[in-house]
Every structure is written in structure tokens, then in C-alpha cells.
*Asks:* 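Before anything else, here's the structure in question.
Counting from 1, the numbers follow the sequence of the chain as shown. Predicted model only: the values in this text are computed from it and were never measured.
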Amino acid sequence: MYAATRTLARPQAFRTFASPALNRFKHTLPSLPYAYNALEPHISEEIMTLHHTKHHQTYVNGLNTAEESYAKLGDSLADAKKRISLQSALKFNGGGHINHSLFWKNLAPASSGGGDISKAPTLKQAIEKDFGSVEAFQKALNTKTAAIQGSGWGWLGYSKETGKLEIVTTANQDPLLSHTPILGIDIWEHAFYLQYKNVKPDYLNAIWNVLNFEEAESRFIEAKA
């Protein structure tokens, strides 16, 4: 599953959403690697169930529908206009599928090591080098993610160009294409509102208790290779 998600996250793979004739397979909802209640009390069972089975499933369904519609288009002027109109649906639903597929692997129950940055020694050392300290990094990511207007994602990404870890935000369901995603935080209301209402900082503070640093370590090591 993780290998497939890494492939989806690459810019060239994302661009294939614009050519659904090349994608004859159906996208499917990935299974969670833990129970819906496994992240409590930090993320409730109700949120996880709705987020996964309703919201992510909607992106999967929307992506399949958009690709099927795109693949049926011909070369007429009318179809060319339809093709352009489908681009936003492909980008939105394709991005939603990519982002959430990464996000589920990005989390782990506290009982399984979630929130334990000692499981990521290489990443921890790089964070301290690029941000000064783990605490400074957490504060910076929380601050920039909370400042997103509307909906979006806060990311810790690795830049091949600079050789550094950098904090990046993306709007709506835009995937992170400028960097390799190491950690991502969903700041759409459906990710937290039922539990934390409109208090984003409480959600952002809580999620650190269930971040899968072992997974982040693997992503970081691969990104640097």
C-alpha cells in the first residue's frame, strides 16, 4: 500500500489523472492499518469513521467518475470544452485521494508508537538541524497550518533542491508536488470539527500524539536516497 501511495504522490503520476485513457483501473479506498477507535482520545472513532468511509470514499468515487467521463471524450470542439471542465474534478478528487492515502499511513495509535519521535532518529536529527529543535518545528508547523484560510493541508516536506526539510501548505486538496511529503496534517473541518469544534489549535496539538514517526522516517530516508 505504501509503495502505491508513494507512486501516486509523484508529480508525473498525478499528471496521469489528466489522461484517464491511460488509467483503466478503478481507484479504491485503502484499508486503514488500525481500528477506527485506535487513535482515541486524540482523534475520535466517529471522526475517523466518517473521514475514511464518507469523505475519502467520496474523493475515490469522484475520481473514478471524472476519469470515466474523460476517457469517453472525442476530438470535437464540444468534447474539448468538456475535457477542460473536467480538469478541476480530476485535480480535486485525485488530490483528495492522494492526500488521504498518505494521511492514514501518517497516523498510528499511541499504543503502537504514535507520537514517539525517537522512532525517527534520522528525521529528528534533520529537524533539529533545519528548525533548531523539535519543539520549534512543531510550533512552526502548527502555526502555518492553523493560518490556512478555508481548507487545506500543512506539510513537512523534503526539498531535493535545497536538501532541507521545509514546511509547506497546500490549499483545498492540492497534493504536495514541490517536495516529497514526510508528514501531512489535514486541516479540513471534517478532520476535527466534531471533536474540537472551531478550535484548530487544540486539534493540532492533539494530533502530535498519534503521528507515525516511524513511517515519516521511512519516507525521509527514501526521499534522500
Side-chain angles (χ1 to χ4, degrees), residues 1-32 50-107 141 144-161 166-193 200 219 223:
M1 172 60 205
Y2 176 49
T5 302
R6 289 200 309 267
T7 300
L8 277 175
R10 296 186 182 116
Q12 62 268 33
F14 180 72
R15 284 195 292 269
T16 66
F17 289 140
S19 302
L22 301 177
N23 290 330
R24 297 299 184 183
F25 66 91
K26 287 272 191 179
H27 301 280
T28 58
L29 183 70
S31 299
L32 294 186
L50 291 172
H51 199 171
H52 182 245
T53 65
K54 301 299 182 183
H55 293 282
H56 191 174
Q57 184 67 66
T58 297
Y59 299 126
V60 171
N61 295 344
L63 177 59
N64 284 326
T65 298
E67 286 190 346
E68 289 168 5
S69 298
Y70 196 105
K72 294 175 182 177
L73 298 178
D75 297 325
S76 68
L77 179 59
D79 280 356
K81 292 180 179 179
K82 291 178 182 178
R83 189 174 289 110
I84 292 172
S85 69
L86 280 170
Q87 290 296 323
S88 60
L90 289 165
K91 178 183 179 183
F92 179 76
N93 291 294
H97 182 34
I98 289 172
N99 291 343
H100 285 85
S101 295
L102 289 167
F103 185 60
W104 307 133
K105 299 283 286 185
N106 207 114
L107 303 173
L141 182 56
K144 289 189 177 182
T145 303
I148 294 172
Q149 294 185 347
S151 301
W153 293 75
W155 302 94
L156 173 65
Y158 176 72
S159 171
K160 282 281 189 181
E161 292 183 2
E166 298 173 353
I167 294 172
V168 188
T169 60
T170 57
N172 300 313
Q173 290 298 350
D174 292 357
L176 181 61
L177 301 181
S178 59
H179 298 64
T180 300
I182 307 301
L183 287 170
I185 298 178
D186 187 350
I187 201 65
W188 280 66
E189 283 193 346
H190 62 235
F192 65 89
Y193 193 84
K200 290 181 181 180
R219 293 181 188 176

*Asks:* Quick check: closest heavy atoms across His100 and Gly96, and the distance to 0.1 Å?
*Replies:*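 Distance-wise, the nearest heavy atoms are ND1-O, 2.8 Å.
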*Asks:* For His97 together with His56, are the ring centres under 6.0 Å from each other?
*Replies:*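 Centroid separation for His56 and His97: below 6.0 Å.
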*Asks:* Closest heavy-atom contact between Pro175 and Ile98?
*Replies:*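 Looking at all heavy atoms of both residues, the shortest contact is CB-CG2, 4.3 Å.
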*Asks:* CG/Asn106 to OG/Ser101 distance, rounded to the nearest 0.5 angstrom?
*Replies:*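 Reported value, rounded in 0.5 Å steps: 12.0 Å.
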*Asks:* What are the two closest heavy atoms between Lys200 and Gly150, and how far apart are they?
*Replies:*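 Scanning both residues completely, I find the closest heavy atoms to be NZ-O, 4.1 Å.
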*Asks:* Between Trp153 and Gln173, is there a side-chain donor-acceptor contact under 3.5 Å, judged purely by atom types and distance?
*Replies:*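 Indeed, the side chains of Gln173 and Trp153 share at least one donor-acceptor pair under 3.5 Å.
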*Asks:* Could you give the distance from CG (Leu176) to CH2 (Trp155), rounded to the nearest 0.5 Å?
*Replies:*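 Separation between the atoms: 6.0 Å.
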*Asks:* Taking all atoms of both residues into account, what is the closest heavy-atom pair of Ile148 and Thr170, and its distance?
*Replies:*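 Smallest interatomic distance, heavy atoms only, reads CD1-O, 4.5 Å.
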*Asks:* Checking His27 against Glu67 for the side chain to side chain contact (heavy atoms under 4.5 Å, CB included) test, could you report, in this order, the C-alpha distance in whole Å, the side-chain angles of both residues, the deciding distance, and whether it holds?
*Replies:* CA-CA 10 Å; His27 301 280; Glu67 286 190 346; 3.2 Å; yes
*Asks:* Going from OG1 on Thr145 to CG on Leu156, what distance comes out if it is rounded to the nearest 0.5 angstrom?
*Replies:*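 Nearest 0.5 Å value for the OG1-CG distance: 10.0 Å.
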*Asks:* State, with a plain yes or no, whether a side-chain heavy atom of Asp186 is found less than 4.5 Å away from one of Phe192.
*Replies:*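 When only atoms from C-beta onward are counted, Phe192 and Asp186 do not touch, as no gap falls below 4.5 Å.
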*Asks:* Could you grab the distance from atom CG of Asp174 to atom CG of Asn99, nearest 0.5 Å is fine?
*Replies:*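 Reported to 0.5 Å precision, the distance equals 8.0 Å.
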*Asks:* If we ignore angles and hydrogens, is there a donor and acceptor under 3.5 Å between the side chains of His52 and Gln57?
*Replies:*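 There is no such pair between these side chains.
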*Asks:* Kindly indicate whether the side chain of Leu86, heavy atoms from C-beta on, has any atom under 4.5 Å from the side chain of Leu73.
*Replies:*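 They are in contact (side-chain heavy atoms under 4.5 Å apart), so the answer is yes.
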*Asks:* Taking atom OG of Ser85 and atom CG of Asp79, what is their separation to the nearest 0.5 Å?
*Replies:*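 Rounded to the nearest 0.5 Å, the OG-CG separation comes out at 10.0 Å.
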*Asks:* To the nearest 0.5 angstrom, please state how far the NZ atom of Lys82 sits from the OG atom of Ser76.
*Replies:*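 Between Lys82 NZ and Ser76 OG, I get 7.0 Å after rounding to 0.5 Å.
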*Asks:* Please tell me if the side chains of Arg219 and Thr180 come closer than 4.5 Å, counting only heavy atoms from C-beta onward.
*Replies:*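 No; the side chains remain at least 4.5 Å from each other.
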*Asks:* Do the side chains of Trp188 and Asn172 get nearer than 4.5 Å, heavy atoms only?
*Replies:*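 Side chain of Asn172 against side chain of Trp188, heavy atoms only: contact under 4.5 Å found.
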*Asks:* With a sphere of 6.0 Å drawn around NZ of Lys72, does it hold more than 12 non-hydrogen atoms of other residues, nucleotides or ligands?
*Replies:*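 Count not over threshold, so no.
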*Asks:* For the residue pair Phe103 and His51, does the interplanar ring angle fall in the parallel (under 30°), tilted (30 to 60°) or perpendicular (over 60°) class?
*Replies:*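 Answer is tilted, since the angle falls between 30° and 60°.
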*Asks:* Side chains of Gln87 and Tyr70, heavy atoms from C-beta outward: is any pair under 4.5 Å?
*Replies:*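 Answer yes - side chains close enough.
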*Asks:* Identify the two heavy atoms, one from Thr169 and one from Gly154, that lie closest to each other, and give their separation to 0.1 Å.
*Replies:*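 That closest heavy-atom pairing would be CG2-CA, 4.4 Å.
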*Asks:* With no hydrogens and no angle check, is any side-chain donor or acceptor of Arg83 less than 3.5 Å from a backbone partner on Asp75?
*Replies:*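 Checked: no pair found.
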*Asks:* So do the side chains of Leu50 and His190 get within less than 4.5 Å of each other, counting heavy atoms only?
*Replies:*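 No, every pair of side-chain atoms sits at 4.5 Å or beyond.
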*Asks:* Work out which heavy atom in Trp104 is nearest to a heavy atom in Pro30; give both atom names and the distance.
*Replies:*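 That closest heavy-atom pairing would be CD1-CG, 4.3 Å.
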